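Worksheet: one structure, shown below.
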Amino acid sequence: MYPLFFFVFATAAVGFAINLLVQRHPIHSALSLIGVMASLASLYLMLGAEFIAAVQVIVYAGAIMVLFVFVIMLLNAGEEERTDRSRLAKYLGMPLFLVFLVTLATILSRQFSPNSMVQFGDFPGHTADIGRRLFQNFLLPFEVVSILILIAIVGAVVLARKETY
Amino acid sequence: MVPLSYYLILSAILFGLGTAGFLFKRNIVTIFMSVELMLNAVNLTFVALSYHFRQLDGQIFVFFVMVVAAAEAAVGLAIIIAVFRNRGSLNVDQMDLMKF
């Protein structure tokens, strides 16, 4: 049952990602990206990362993608025009991509022996442990990141406002 | 049971597709979405290896990556709005003022 779920969600993720590349309208690409994120959230659940799965759905698929869709609609983005400027990319792009993937797959399957399996229900920690670690060992990074978020909010407002003075 | 390398290979495929989108797409918003796809692929690697090494630090790193991605999305989309206001287009081929 577990491998079946893995392959279903993995295929969904790759399919949505390919759809992101193929679609020409940004809204369709954004919806495909939401599909990728939802499939990845289920994969996180299967790896035992419940907190990350929830945050993935709430923050990524919720907040960030809403921002993307909002901007696409605000700017009224139409279909993108194709430009065939690079012959090199046209003929060498796909073969080089496949070479890259095959190399990576070979290295990964050699590095991690086939008996390092992912077993369902055999998980190292739960959300409470993450919270404890986050607020004990990683307290300073947490505070720094909150300042980063504050700066990002102010920066976004400054960048996007109309200059009327 | 699924081998760990399957998760890592899936993440490599997603990262490669994100790179391809970054290079092929011409709409600046879609290029930005490809960057998000690459970030997601890296997050999957973090979570898979966090499981493999029995350490929660990987998941905490994913949390930080998500926070930084949210900040990046907010600032990046604000920059896109400013660029659209100045140049009236989202096509990256028309943003070549600094091209030699």
Side-chain angles (χ1 to χ4, degrees), chain A residues 2-3 6 10 13-14 17-18 20-21 26 29-30 33 36-37 40 43-44 47-49 51-52 55 59-60 63-64 67-68 71-72 75 77 80-83 89 97 100-101 104-105 108-109 112 114 116-119 124-125 129-130 133-134 138 141 145 148-149 152-153 155-156 159-160, chain B residues 1-10 12-14 16-21 23-27 29-30 32-34 36-37 40 43-44 47-48 50-57 59-60 62-64 66-75 77-82 84-85 90-91 93:
Chain A
Y2 183 75
F6 172 81
V14 174
I18 291 173
L20 190 155
L21 296 193
S29 297
L33 190 55
V36 174
M37 283 163 178
L40 280 181
L43 287 174
Y44 292 156
L47 281 166
F51 173 67
I52 298 298
V55 171
V59 174
Y60 251 128
I64 296 182
L67 202 60
F68 268 96
V71 166
I72 292 169
L75 300 183
E80 65 173 348
E81 320 82 83
R82 285 275 156 84
T83 46
F97 178 59
F100 168 75
L101 276 190
L104 218 55
L108 285 178
S109 45
F112 295 95
S116 69
M117 295 289 226
V118 174
Q119 237 169 343
D129 304 321
I130 294 178
R133 257 189 108 68
L134 188 61
F138 291 87
V145 139
L148 175 80
I149 283 275
I153 294 169
L159 280 170
Chain B
M1 287 196 294
V2 176
L4 178 79
S5 48
Y6 284 15
Y7 280 98
L8 299 177
I9 289 168
L10 170 67
I13 292 172
L14 288 179
L17 286 171
T19 318
L23 295 174
F24 288 149
K25 299 301 269 188
R26 283 286 153 265
N27 188 314
V29 183
T30 325
F32 206 53
M33 282 194 270
S34 307
E36 295 289 329
L37 181 60
N40 267 288
N43 282 352
L44 181 61
V47 174
S50 153
Y51 174 88
H52 178 65
F53 292 117
R54 310 257 137 206
Q55 295 251 321
L56 280 178
D57 298 15
Q59 298 188 19
I60 292 170
V62 171
F63 174 74
F64 284 127
M66 279 176 180
V67 172
V68 174
E72 175 228 337
V75 175
L77 288 170
I79 291 175
I80 288 175
I81 290 175
F84 183 77
R85 238 183 232 141
L90 287 175
N91 193 334
D93 282 336

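What you are looking at is a predicted structure, and each value in this text was computed from that prediction instead of being measured.
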Taking side chain as everything from C-beta outward and backbone as N, CA, C, O, which of these in B:I9 sits under 4.5 Å from a heavy atom of chain A? Side chain, backbone, both or neither. both
Chain A: which of B:V47, B:V75, B:I81 shares the most heavy-atom pairs with it under 4.5 Å? B:V47
So, the part of A:L101 with a heavy atom under 4.5 Å from chain B: the answer is side chain
Do B:N43 and A:Y44 pass the side chain to side chain contact (heavy atoms under 4.5 Å, CB included) test, and can you show the C-alpha distance, the side-chain angles, and the key distance before you say yes or no? CA-CA 9 Å; B:N43 282 352; A:Y44 292 156; 3.2 Å; yes
Atom of A:A17, atom of B:L17 and distance for their closest heavy-atom approach: CB-CD1, 3.6 Å
What heavy-atom pair brings A:L148 and B:A71 nearest, and what distance separates the two atoms? CD2-CB, 4.4 Å
Under 4.5 Å from any heavy atom of chain A, what part of B:I60 do you find: side chain, backbone, both or neither? side chain
Would you mind checking which part of A:I64 comes under 4.5 Å of any heavy atom in chain B, side chain (CB onward), backbone (N, CA, C, O), both or neither? side chain
Side-chain touch B:T19/A:F100, heavy atoms, less than 4.5 angstrom: no
Chain B contact via A:I52 - which portion, at a heavy-atom distance below 4.5 Å: both
Between chain B and each of A:I18, A:V36, A:V145, count heavy-atom pairs under 4.5 Å; write down the option with the most. A:V145
Interchain contact, A:V14 with chain B, by part (heavy-atom threshold 4.5 Å): both
Exercise: identify the closest heavy-atom pair between A:A156 and B:A74: CB-O, 3.8 Å
With chain A, the option among B:G21, B:A73, B:G16 that has the most non-hydrogen atom pairs under 4.5 Å is B:G16
Report which part of A:I153 has an atom under 4.5 Å of a heavy atom belonging to chain B: side chain, backbone, both, or neither. neither
Take A:I72 and B:M33, measure what side chain to side chain contact (heavy atoms under 4.5 Å, CB included) needs, and give me the verdict at the end. CA-CA 11 Å; A:I72 292 169; B:M33 282 194 270; 4.2 Å; yes
Part of A:F6 within contact of chain B (heavy atom distance under 4.5 Å): side chain
Is A:L40 in contact with chain B via its backbone, its side chain, both, or neither, using a 4.5 Å heavy-atom distance? side chain
Compare every heavy atom of A:L159 with every heavy atom of B:A82, then report the nearest pair and how far apart it is. CB-O, 3.7 Å
Out of B:V68, B:N40, B:T30, return the one with the most heavy atom pairs under 4.5 angstrom to chain A. B:N40
Check each atom of A:F138 against the heavy atoms of chain B and say whether the ones under 4.5 Å are side chain, backbone, both or neither. both
Part of A:L47 within contact of chain B (heavy atom distance under 4.5 Å): both
Distance-minimising heavy-atom pair for B:A20 and A:L21: CB-CD1, 4.1 Å
From A:M37 CE over to B:E36 CD, what is the distance, rounded to the nearest 0.5 angstrom? 5.5 Å
In Å and rounded to the nearest 0.5 Å, what is the CZ to CD1 distance from A:F97 to B:I13? 7.5 Å
Counting heavy-atom pairs under 4.5 Å to chain B, which of A:A63, A:G155, A:G48, A:P141 comes out on top? A:P141
Are the side chains of B:F32 and A:V71 in contact, using a 4.5 Å heavy-atom criterion? no
Mind ranking B:A70, B:A78, B:A12 by heavy-atom pairs under 4.5 Å with chain A and telling me who comes out on top? B:A78
Looking at every heavy atom in both A:L20 and B:K25, which two are closest together, and how far apart are they? O-NZ, 3.9 Å
Best-contacting candidate, B:F53, B:F84, B:F64, B:F63, against chain A by heavy atom pairs under 4.5 angstrom: B:F64
Heavy-atom cut-off 4.5 Å, strictly under: side chain, backbone, both or neither for A:L104 against chain B? side chain
How long is the span from the OH atom in A:Y60 to the CE atom in B:M66, to the nearest 0.5 Å? 6.5 Å
